[in-house]
Amino acid sequence: MSILIDADTTFIVQGITGREAVNLTRECLDYGAGAKVVGGVTPGRLGRDVHGVPVFDTVAQAVEHHGSPIYGSVVTVPPAFTKDAVFEAIENGVQLIVIVTERIPRRDVAEMVELANLRGARIIGPNCLGIIVPDVIKMGGIGGPAKNASQAYTPGPIGVISRSGGMTTEMSSTLSAAGLGQSTAVSIGGDAIIGQTYAELMPLFEADEQTQGIVIYTEPGGRMEAELASWVTENNSRLPIVAFMAGRFMDEMPGMSFGHAGTIVEGKEDTAGEKIARLAQAGITVAERIEDIPQMIGEKIAQGSAR
Amino acid sequence: MRADGMFIAVEVDDQAAADTALARKLTEACPVDIYAQRDDGALQIVEQNLDECVLCRLCLDASPDGAVKVIKLYDDGAVL
Amino acid sequence: MRLFEYEAREVVKRAGIPVTDYGFTTDPAEAAQIAQRIGGPTVIKSQVLSGGRMKAGGVKFADTPEQAEAYAKDILALEIGGHTPRGVLVDPKAEVEQEYYAGVVWDGTRKQPVMIFSPVGGIDIEQVAEEQPEKVGRRHFSNILPLSDFQAKEVIASTGVTGSALNRLVPIVTRLAKLFVDNDMVLAEINPLGRLADGSFVALDAHMDMENEARGRHRKLLADLGVGEEETRQAREATPFELAGEEVDATDHRGVAGNVTEFDGNLGLVIGAGGGSLTLFDAVRAHGGDPANYCEIGGNPSVAKACGLAKLVLGKPGVDKIAVMMSIVSNTRVDIVARGVIKACVELGYDPAEKIAIFRIPGAWEEEGFKILEKYGVDYADRSVSLNEAARRAVEKIQGAPA
Ligand SMILES: Nc1ncnc2c1ncn2[C@@H]1O[C@H](COP(=O)(O)OP(=O)(O)OP(=O)(O)O)[C@@H](O)[C@H]1O
Ligand code: SF4
Ligand SMILES: [Mg+2]
């Protein structure tokens, strides 16, 4: 099985007529069994189509046209309009929202996440590439064109969670090459506040029988890794975890920001060094090199004990 | 080696180049502005944009067979 | 983007929180005039984007206008934490009975802002939290429900503050929370918040940090404060090399290439994407490499942009070769980057096979890309070569094997 999405998942693309969104729609339609992209929304473009997907002015029109609730939405509208687009999706019953847009102010993200929580919806991102279930479905630009995605992702027992979209593919490709496929890979986004953190996705992987181990990509900045460390300890997780930490050099350069917006270090606990220590304390193996990950996670799974 | 247009060359046959309607179609189709129209409406190739060609074939789809050729100079002159 | 104290205090004042009647100046003689107008003891404070000014000698107490002038002169010339002050604040010295702390920050785990309050102010709040945790109150508040005074009241009361101090503090903390939200701050802090003999409160120092992504919606405020659009307020000013990089990035709207950070090594890096760059930079250093720069290619830049970036790095003094490396790409195209970096070499009159130590970008359009690299004899690697191994080869080629 998979988490978050499966072959039957229906979704729309908000901002579907934008250059990147047109490509992303093509990719999702082509990948695996072909995603059920049941509509697109761009205000003022009602009646057009993008690769055969009908375009509407509002999410409500898309839902009405579909005739039953739509499960997901990929949001690729400019930062100033993202909050409104996400509110629109949530208020029209959408359950799972993947926000691709970068550079959205934190206040807007926090508002979207709080409304989602109130309505029982889930947000992935912002600043992310989405979700992929190898050979089945992808929701978002993750892995790129269907052909490229198939080259990197294969079905298997590993859940992948990453703050970097590109590194989700790099790590999955390395796992695939070693014969370790993925149950689901989630690009959770590189911002300081995101819809779903490692710890928030863990219960889903925990409940997924196919998943036997977790591989995560982490960076300096934020408390997300500390949150994961407490979660696995408190919940006595069955899943072994291997983490890769990039951006170690940033510890020597306080106040400078590199990479994603979320890497800005705002406190002592945010540094790479501090995070590595916390993860290790919780029994999470921290790899120095990506190529070491397959053997590490393979051995942990073989040993049959998570910590 | 040529300093500009090292990777891509575009050839348009004379008859097609003089066709202003086709010139407009090509100008609209190409995402990286390799085609433009001269003041008299005839086609003009924008030399400094040639290397930006993304091999999307939109110009080929917009023109009669064989009228436009996109050539990959790095691939022994292979035609797209 | 961090604000100077004189800007932060203006924001505090506009939010309806009492501040002293201070003046800002860059001129010692004017400092004397301001002190004259104030008419009494003053505090001369360095306006610099660095903490711990008092310890560094950047905060001095003057009794007379002459003294104010002399201190202003000293402080204006005093570098703190590598920064020259922007000016000085001449602040009426308040007769403070007790110093308090009030702040608001984001909690990324709860995804809500949190008010922090303490009756122990004037020192670092993290220190108070460690030494007297019962004296630090915290309270999250909703992003979408209305902000209400009772929330501030609860956090203040939780630290044992009661009586008239509690009632006078409530509107201040509420206004601080509102200011934080309204101005897209990532940090809004008043420390110390002084209680005077008559029981009133006044903000004696403020620390504000506005989120960069939100600057666009506060143009009016920033213009009023005199913050220029070009001011980044990074930990250090941008170098000419970095500014040239920004120019490359501005050539067109396609993708990102050019947001470089300068380092002093000789290993030129043309790397991407976000996470890939962080990983590669670590790997280069782990193999003893000495990078000349950091950068991030992403979002499918044009050939012209990739070319501009490669030229910039190749042109940096001390750089002999560049390593072109990215994590597997799905949006950015291998062939486009390959064209760009080869074009850069050729246009500068170099042989790409010489100048490009290694090209490791697998992914979208790699067949076309590899054909181009093949044609120019550039050493390239596909996904079977890890980021780490590519970095090792680059270091070996450019700097020689580690001794
Ligand atoms: N106007 C004033 N009246 C009386 N005392 C003041 C005044 N301004 C500052 N002080 C005293 O000086 C101390 C240091 O000032 P301030 O907090 O502005 O600088 P700092 O803490 O050294 O620097 P930073 O906040 O940048 O780390 C305050 O804690 C307060 O006790
Ligand atoms: S293939 Fe595409 S990019 Fe190249 S010239 Fe034709 S339309 Fe322009
Ligand atoms: Mg202070």
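This one's a predicted model, so the numbers in the text were calculated from it and none came from an experiment. Chain naming here is simple, since letters A, B, ... match the order of the sequence lines and numbering starts at 1 in each.
Remark: A/Phe81 CZ is loosely packed, at most 12 non-hydrogen atoms of other residues, nucleotides or ligands lying under 6.0 Å away. The local environment of CD in C/Glu229 is sparse, with at most 12 non-hydrogen atoms from other residues, nucleotides or ligands closer than 6.0 Å. Surrounding CD of A/Glu91 are more than 12 heavy atoms belonging to other residues, nucleotides or ligands, all under 6.0 Å away.
Heavy atoms closer than 4.5 Å to chain A are found in the backbone of C/Asp182, but not in its side chain. Of the two parts of A/Arg19, only the side chain, counted from C-beta on, holds a non-hydrogen atom closer than 4.5 Å to a non-hydrogen atom of chain C. No part of A/Ala177 comes within reach of chain C, as not one of its non-hydrogen atoms sits under 4.5 angstrom from that chain. Only the side chain of A/Glu291 comes within contact range of chain C, with at least one heavy atom under 4.5 Å from a heavy atom of that chain. Both the backbone and the side chain of C/Val181 have a heavy atom closer than 4.5 Å to some heavy atom of chain A. With a 4.5 Å cut-off on non-hydrogen atoms, A/Arg289 touches chain C through its side chain but not through its backbone. Of the two parts of A/Ala152, the backbone and the side chain both hold a non-hydrogen atom closer than 4.5 Å to a non-hydrogen atom of chain C.
Side-chain contact check for A/Pro105 versus C/Arg217: some heavy-atom pair is nearer than 4.5 Å. Side-chain contact check for C/Asn143 versus A/Arg107: every heavy-atom pair is 4.5 Å or farther apart. Between C/Leu278 and A/Tyr217, some side-chain heavy-atom pair lies under the 4.5 Å cut-off.
Your options are A/Thr168, A/Leu115, A/Asp108, and the one with the most heavy-atom pairs under 4.5 Å with chain C is A/Asp108. Most heavy-atom pairs under 4.5 Å with chain C, from the set A/Ala199, A/Gly247, A/Ser164: that is A/Gly247. Chain C forms more heavy-atom pairs under 4.5 Å with one residue of A/Glu20, A/Glu111, A/Glu288 than with any other, namely A/Glu111. Between chain A and the residues C/Asp184, C/Thr261, C/Leu280, the largest count of heavy-atom pairs under 4.5 Å involves C/Asp184. Among A/Glu114, A/Met167, A/Met253, the residue with the largest count of heavy-atom pairs under 4.5 Å with chain C is A/Glu114. In terms of heavy-atom pairs under 4.5 angstrom with chain C, the leader among A/Gln151, A/Arg103, A/Met224 is A/Gln151. Your options are C/Gly216, C/Ala364, C/Ser277, C/Pro113, and the one with the most heavy-atom pairs under 4.5 Å with chain A is C/Ala364. If you tally non-hydrogen atom pairs under 4.5 Å between each of A/Ile194, A/Asp191, A/Leu24, A/Ile290 and chain C, the highest count goes to A/Ile194.
Summarising the geometry, atom CG belonging to A/Leu118 is positioned 4.5 Å from atom CD1 belonging to C/Ile144; distances are rounded to the nearest 0.5 Å. To the nearest 0.5 Å, the span separating CD1 on C/Ile328 from CE on A/Met171 amounts to 11.0 Å. Taking CG of A/Asn23 as the reference point, atom CG of C/Asn300 lies at 8.5 Å (rounded to 0.5 Å). Note: C/Asp107 CG to A/Ile193 CD1 = 8.0 Å, rounded to the nearest 0.5 Å.
The two residues C/Thr279 and A/Ala246 make their nearest non-hydrogen contact at OG1-CB, 3.5 Å. Heavy-atom minimum distance, C/Ser327 versus A/Glu170: CA-OE1, 3.2 Å. The heavy-atom pair separating C/Glu211 from A/Arg106 by the smallest distance is OE1-N, 2.6 Å.
Using the six-membered ring where Trp is involved, C/Tyr294 and A/Phe258 have ring planes that are perpendicular, over 60° apart on the 30 and 60° scheme.
Judged by distance alone, the side chain of C/Asn331 and the main-chain N or O of A/Gly144 form no donor-acceptor pair under 3.5 Å. No donor-acceptor distance shorter than 3.5 angstrom exists from the side chain of C/Glu213 to the backbone of A/Ile104, with no hydrogens or angles considered.
At a threshold of 4.0 Å, the pair C/Lys111-A/Glu227 does not count as salt-bridged, since none of the basic side-chain nitrogens sits closer than that to a carboxylate oxygen.
Taking the side-chain contact (heavy atoms from CB on, under 4.5 Å) definition, one finds that C/Arg233 meets it with C/Met1, C/Leu3, C/Phe4, C/Glu7, C/Leu49, C/Arg86, C/Val227, C/Glu231, sequence neighbours left out. Partners of C/Asp382 according to the side-chain contact (heavy atoms from CB on, under 4.5 Å) rule, which considers only residues two or more places apart in sequence or in another chain, are C/Phe370, C/Ser384.
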*Show your reasoning for whether side-chain contact (heavy atoms from CB on, under 4.5 Å) applies to C/Glu366 and A/Asn148.*
CA-CA 10 Å; C/Glu366 64 179 18; A/Asn148 295 102; 5.7 Å; no
